[in-house]
Amino acid sequence: MVKMKYRVPSISALCAFEASARHLNFSRAADELHTSQSAISRHISDLESRLDVSLFIRSRKQHRLTEQGEHFYRAVVSGLDSVQTSINAISGWSSENELTISCTHEISHLYLMPRFEALREAVGDQVQIRIMTNEYGSIPDSLNPRVDLVFSYKAESLNSDTTSVVFTEAVCPVCSPDFLHKHRQLLDGPVSNWSALPFLQLTKPNKGWASWEDWFQRSGLPAAPLTYTRYDNYVYLLEAAAAGRGLALGWRGLIERYLDDGSLATVGEDYVQTDNALHALLTASGQTKQAALKCLRYLAEQASSPLQGNG
């Protein structure tokens, strides 16, 4: 007898989790899937029992994914995307009313998800928005015929019809309110005295983008070597900062959801700005689709707002 190869949860449970993780809200997930909030909660609880982990940090205002939840979300999205792509290929389904966006998990979670409802209104309720996440630089998505718009840290052209700046780079230190209160006297003083504080750093920052070393060059140098805890993923790094584990470098445009709910606070009021920018690029497919063109216009409008699209 051949043993079953896959022992995975039901597709209903996986879809319930994907929608809940994308919205960070069980009620919105239920509305999208045309079911009840209690059914969504039941699916999530069953998944957590099966996996023996907590997938969400629940709160009245907005849920958050745990570190295990973030990892599971990326795996589920990747799997569902593969299944959907195969279905589309087999059935010959038309993608005219589908907008496919490719970006890193960080951009999806920190930039697109807080704006998802506004984006859907901008492109039209009849358009299905699909977000494909990948590691930065790992997939040449501009060559994927099913991808309509790509987020990139490098602009291949400056043609305003096909490219838009999403936000320009501006960074400042952030930490939890408790961390700020505990170390207020030190943080209000000169940067040269910060050496005793714990710092959080990305293992592999995007090439050319700001690091702590760049911020110190513009704001003052610490008097002694620093202690860094490193994270592979910027979402994990921000979660660690929100948990009070140290100072993180916050990118304006990506940290607003944490500032708005009070889980992070800026240290000082000045951002250090550079010439770098995050761009949205239309692919050859996207240049022929109204939904993609509307999406690019929406992103351009967000970028031109006083807070550079920070919501």
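These figures come from a predicted structure and were not determined experimentally.
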Are any of the side-chain heavy atoms of [X] and [Y] separated by less than 4.5 Å?
{"X": "L80", "Y": "I11", "result": "yes"}
{"X": "L247", "Y": "V267", "result": "yes"}
{"X": "Q68", "Y": "F56", "result": "no"}
{"X": "C295", "Y": "L149", "result": "yes"}
{"X": "I101", "Y": "L99", "result": "yes"}
{"X": "H43", "Y": "F26", "result": "no"}
{"X": "L187", "Y": "W194", "result": "yes"}
{"X": "I57", "Y": "L65", "result": "no"}

So, taking the atom named [atom1] in [X] and the one named [atom2] in [Y], what distance separates them when rounded to the nearest 0.5 Å?
{"X": "L24", "Y": "M113", "atom1": "CG", "atom2": "CE", "value": "9.0 Å"}
{"X": "L200", "Y": "R245", "atom1": "CG", "atom2": "CZ", "value": "9.0 Å"}
{"X": "L112", "Y": "E106", "atom1": "CG", "atom2": "CD", "value": "12.0 Å"}
{"X": "R22", "Y": "F116", "atom1": "CZ", "atom2": "CZ", "value": "5.0 Å"}
{"X": "K289", "Y": "L296", "atom1": "NZ", "atom2": "CG", "value": "14.0 Å"}
{"X": "L197", "Y": "T227", "atom1": "CG", "atom2": "OG1", "value": "10.0 Å"}

Quiz prompt | Enclosure of H183 NE2 (heavy-atom neighbours >12, cutoff 6.0 Å) | solution = yes
Practice problem: Tell me, yes or no, whether the heavy-atom count around Q185 atom CD, taken from other residues, nucleotides or ligands under 6.0 Å, exceeds 12. | Solution: no
Quiz item: Salt bridge or not for R28 and E32, using N-O below 4.0 Å?
Solution: no
Exercise. Flag yes if Y228 and F179 sit in one hydrophobic cluster, no otherwise; membership is Ile, Leu, Val, Met, Phe, Trp, Tyr, and two members link when side-chain heavy atoms are under 4.5 Å apart.
Key: yes
Within the distance-only criterion (no hydrogens, no angle test), does the side chain of [X] pair as donor or acceptor with the backbone N or O of [Y] below 3.5 angstrom?
{"X": "K182", "Y": "P177", "answer": "no"}
{"X": "T66", "Y": "S54", "answer": "yes"}
{"X": "W212", "Y": "Q201", "answer": "no"}
{"X": "S45", "Y": "R42", "answer": "no"}
{"X": "R257", "Y": "H109", "answer": "yes"}
{"X": "S219", "Y": "F216", "answer": "no"}
{"X": "Y298", "Y": "L293", "answer": "no"}
{"X": "S176", "Y": "A243", "answer": "no"}

Taking all non-hydrogen atoms of both residues into account, name the closest pair between [X] and [Y] and its distance.
{"X": "S20", "Y": "I44", "answer": "OG-CD1, 4.1 Å"}
{"X": "V165", "Y": "A303", "answer": "O-CB, 3.0 Å"}
{"X": "L186", "Y": "N193", "answer": "CD1-O, 3.3 Å"}
{"X": "G250", "Y": "I255", "answer": "CA-CG2, 3.7 Å"}
{"X": "L238", "Y": "L264", "answer": "CD2-CD1, 4.0 Å"}
{"X": "C175", "Y": "G246", "answer": "CB-O, 3.9 Å"}

Practice problem: Take D148 and T283, measure what side chain to side chain donor-acceptor pair (under 3.5 Å) needs, and give me the verdict at the end. | Solution: CA-CA 5 Å; D148 303 308; T283 65; 4.8 Å; no
Quiz item: Which class fits the ring pair Y73 and H105: parallel under 30°, tilted 30 to 60°, perpendicular over 60°?
Solution: tilted
Check the side chains of [Y] and [X] for a donor-acceptor pair under 3.5 angstrom, ignoring hydrogens and angles.
{"X": "T100", "Y": "R130", "result": "yes"}
{"X": "E256", "Y": "Y111", "result": "no"}
{"X": "S27", "Y": "Q37", "result": "yes"}

Practice problem: Kindly indicate, with the supporting measurements, whether the criterion salt bridge (charged side-chain N to carboxylate O under 4.0 Å, His left out) is fulfilled by E48 and R58. | Solution: CA-CA 13 Å; E48 291 178 323; R58 293 162 171 81; 3.0 Å; yes
Quiz prompt | Candidates L278, I131, L281, T104 - the one meeting side chain to side chain contact (heavy atoms under 4.5 Å, CB included) with F151 | solution = L278
Quiz item: Testing D46, L55, V77 for side chain to side chain contact (heavy atoms under 4.5 Å, CB included) with F17, which one passes?
Solution: L55
Practice problem: For side chain to side chain donor-acceptor pair (under 3.5 Å), just list the numbers for E169 and W209, CA-CA rounded to whole Å, side-chain angles, deciding distance to a tenth of an Å, and then say yes or no. | Solution: CA-CA 8 Å; E169 184 180 43; W209 277 56; 5.4 Å; no
Practice problem: Determine, step by step, whether Y234 and E239 satisfy the side chain to side chain contact (heavy atoms under 4.5 Å, CB included) criterion, reporting the C-alpha distance in whole Å, the side-chain angles of both residues, the deciding distance to 0.1 Å, and the verdict. | Solution: CA-CA 9 Å; Y234 190 54; E239 288 293 330; over 6 Å; no
Exercise. Walk me through it: do S263 and D261 pass the test side chain to side chain donor-acceptor pair (under 3.5 Å)?
Key: CA-CA 6 Å; S263 56; D261 68 17; 2.7 Å; yes
Exercise. Could you tell me if the ring centre of Y153 sits under 6.0 Å from that of H279?
Key: no
Quiz prompt | Ring center gap for F167 and W251 short of 6.0 angstrom | solution = no
Exercise. Show the numbers, then the answer: is there a side chain to side chain donor-acceptor pair (under 3.5 Å) between S38 and S36?
Key: CA-CA 5 Å; S38 60; S36 65; 3.0 Å; yes
